[in-house]
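Per chain, numbering begins at 1; letters A, B, ... match sequence-line order.
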2 protein chains.
Amino acid sequence: MSHGTDIPDGLTFWSFVDYAVERVGRAMPSVDLDAMRLVLTLHRVTSMVVYDLESSVHRPSGWTWPGFRVLFVLWLAGPMEAKTAAELSGMSRAAVSSLVNTLHRDGLVTRERADYDRRAVRIGLTGAGRDAIERGFVAHNRRESAWATALTGEERATLVALLGKLMEGSSAAEAKRRS
Amino acid sequence: MSHGTDIPDGLTFWSFVDYAVERVGRAMPSVDLDAMRLVLTLHRVTSMVVYDLESSVHRPSGWTWPGFRVLFVLWLAGPMEAKTAAELSGMSRAAVSSLVNTLHRDGLVTRERADYDRRAVRIGLTGAGRDAIERGFVAHNRRESAWATALTGEERATLVALLGKLMEGSSAAEAKRRS
DNA sequence: TCCGATTAATCAAAGGTTTGATCATTGCTC
DNA sequence: GAGCAATGATCAAACCTTTGATTAATCGGA
């Protein structure tokens with residue numbers, strides 16, 4: 001690392017968080033360093049967990065992480081309008097529309113116009129889709145459980161509660177949702 | 001909601017978490033419900049925070065969230081090889097390569113072959129890029145600070161510590177990284 | 001010094017996401 | 001009943017991400 005890069009030795013994806021907070025703290029006095037560390041940490045940890053789940057469970061199962069999210073919602077809440085799937089999975093209608101193209105092509109979901117409203121498209125799992133998501137969810141849960149063992153039961157509950165508190169704040173209320 | 005959708009009344013993106021845990025808990029006895037709730041919560045909160053930051057700050061600034069992440073790394077750690085930017089921002093080399101196409105086109109980053117290793121591409125901020133990221137970061141921090149006010153100082157520290165503990169577990173050690 | 005293994009960036013193909021637009025349908029007011 | 005506003009799904013364009021492949025360059029052991 002001596003020639004060319006000028007990056008502090010040993011700086012990695014994870015250690016960059018401390019480095020970033022320290023660098024900004026030195027250069028900009030009015031920055032909220034706690035908030036900065038919180039968002040950097042939150043995003044980086046989540047990103048890592050999701051990449052792990054997607055690469056070790058979901059892609060081998062034949063779908064992507066976003067695909068899993070839609071299948072999961074349909075599995076638990078049953079056939080529904082596409083706009084509802086979008087809401088429950090936290091995606092836009094356009095994203096669901098595109099995703100369902102793939103899932104439908106792969107025989108995992110059904111898609112049809114509603115008879116009570118000609119605008120609405122209803123989607124649901126096929127038999128194959130249900131079988132696949134059940135197996136996929138078991139593998140997914142096994143892996144997420146492995147992640148969760150890094151924390152005690154009480155720590156898990158605390159973490160969930162704190163994240164929930166973030167969702168109860170005014171910023172969450174102001175945050176726009178996808179259309 | 002009476003015709004056709006059969007979804008429990010009032011189910012939303014956020015309330016779906018409790019619903020999902022309850023549904024799976026009833027149907028599959030061997031599932032780790034705590035882990036399930038943890039990952040669902042983690043991903044949904046993070047997703048919401050990031051979408052808010054991207055739509056309210058970053059896109060109006062002329063770049064995307066991933067673009068911001070690369071600009072941020074270059075800003076704090078200076079010019080570097082593309083592979084280093086990939087590591088520090090948690091992306092693959094291919095993703096950085098593609099992203100830098102856009103940022104370079106927009107005059108925010110420089111890109112050149114290293115003279116000490118003909119394989120390596122070095123990237124750095126342009127003057128315009130540095131000006132832009134400084135303003136962008138201020139707006140970003142203001143917004144992330146707004147999010148963080150939902151928690152007390154101690155809660156923030158606890159949250160960061162617990163997330164950090166997730167990163168110290170064996171699953172994180174086993175998790176593959178992007179190439 | 002030579003050569004096979006490794007490395008770095010980019011490519012291609014496939015998939016996913018966003019925004020605003022579009023088109024058809026529905027809802028609601030007058 | 002008519003007409004405008006709102007709604008839902010999809011489209012188009014732009015951007016981003018992944019994987020494996022490719023090409024060129026570098027490394028390291030014999």
Provide, to the nearest angstrom, the distance between the CG atom belonging to D117(A) and the C1' atom belonging to dA24(C).
-> 11 Å
Between dA25(D) atom P and E81(B) atom CD, what is the distance in whole Å?
-> 16 Å
Given atom OH of Y116(B) and atom P of dT26(D), what is their separation to the nearest angstrom?
-> 11 Å
For dG15(C), does OP1 or OP2 lie under 4.0 Å from any side-chain N or O of R105(A)?
-> yes
Classify the ring geometry between W63(B) and H58(B) as parallel (under 30°), tilted (30 to 60°) or perpendicular (over 60°).
-> tilted
Kindly say if Y51(B) contacts the phosphate of dT19(C), meaning a side-chain N or O under 4.0 Å from OP1 or OP2.
-> yes
So, is S97(A) near the phosphate of dA9(D), with a side-chain N or O under 4.0 Å from OP1 or OP2?
-> no
With DNA chain D as reference, determine whether G67(B) or S55(A) sits nearer its 5' end, using the nearest nucleotide of each.
-> G67(B)
Kindly say if T64(A) contacts the phosphate of dG15(C), meaning a side-chain N or O under 4.0 Å from OP1 or OP2.
-> no
Over how many whole Å does the gap from R93(B) atom CZ to dA9(C) atom P extend?
-> 7 Å
How about E154(A): does its CD atom have over 12 heavy atoms from other parts shown lying under 6.0 Å from it?
-> no
Given side-chain contact (heavy atoms from CB on, under 4.5 Å), test R143(B) with D52(B) step by step and report yes or no.
-> CA-CA 9 Å; R143(B) 190 75 197 131; D52(B) 181 64; 2.6 Å; yes
Rounded off to whole Å, could you give me the NE2-to-P distance for the H58(B) and dT18(C) pair?
-> 15 Å
Per nearest nucleotide of DNA chain C, the residue lying toward the 5' end, R113(B) or T102(A), is R113(B)
Taking 4.0 angstrom as the limit, do D18(B) and R37(B) come out as a salt bridge?
-> yes
Indicate whether OP1 or OP2 belonging to dT18(D) is found under 4.0 Å from a side-chain N or O atom of R178(B).
-> yes
Is any NZ, NE, NH1 or NH2 atom of the basic residue among R26(B) and E22(B) found under 4.0 Å from an Asp or Glu carboxylate oxygen of the other?
-> yes
Any R111(A) side-chain nitrogen or oxygen under 4.0 Å from OP1 or OP2 of dT10(D) = yes
Quick one: label R118(B) by what it contacts on the DNA or RNA (base, sugar-phosphate, nothing), any heavy atom closer than 4.0 Å.
-> sugar-phosphate
Give the rounded distance in Å between these two atoms: CD of E54(B) and C1' of dA14(D).
-> 13 Å
Partner set under side-chain contact (heavy atoms from CB on, under 4.5 Å) for D106(A), not counting sequence neighbours | T102(A), L108(A)
Checking dT26(C), dA9(D), dT19(C) against the side chain of A94(A) (C-beta onward), the nearest is dT19(C)
Sugar-phosphate only, base, or nothing, as touched by A95(A) at under 4.0 Å among non-hydrogen atoms | base
Spacing between D106(B) atom CG and dC15(D) atom C1', to the nearest angstrom = 11 Å
Sugar-phosphate, base or nothing in reach of S98(B), heavy atoms under 4.0 Å = base
Starting at the 5' end of DNA chain C and moving along, which residue's nearest nucleotide shows up first, L99(A) or R59(B)?
-> L99(A)
Geometric cation-pi criterion, R177(A) with F13(B): 6.0 Å, 45° | no
Taking the side chain of K83(A) as heavy atoms from C-beta outward, which of dA8(C), dT18(D), dG8(D) is closest to it?
-> dG8(D)
Quick one: M91(A) CE to dT10(D) P, roughly how many Å, whole number?
-> 15 Å
Of all the nucleotides listed (dT25(C), dA24(D), dT10(C)), which has the minimum atom distance to the side chain of R119(A)?
-> dT25(C)
Axis deviation across the helix from dT1(C)-dA30(D) to dC30(C)-dG1(D), five-pair ends, to the nearest 10° = 20°
For H43(B) and W65(A), test the side chains for any donor-to-acceptor distance below 3.5 angstrom and give the result as yes or no.
-> yes
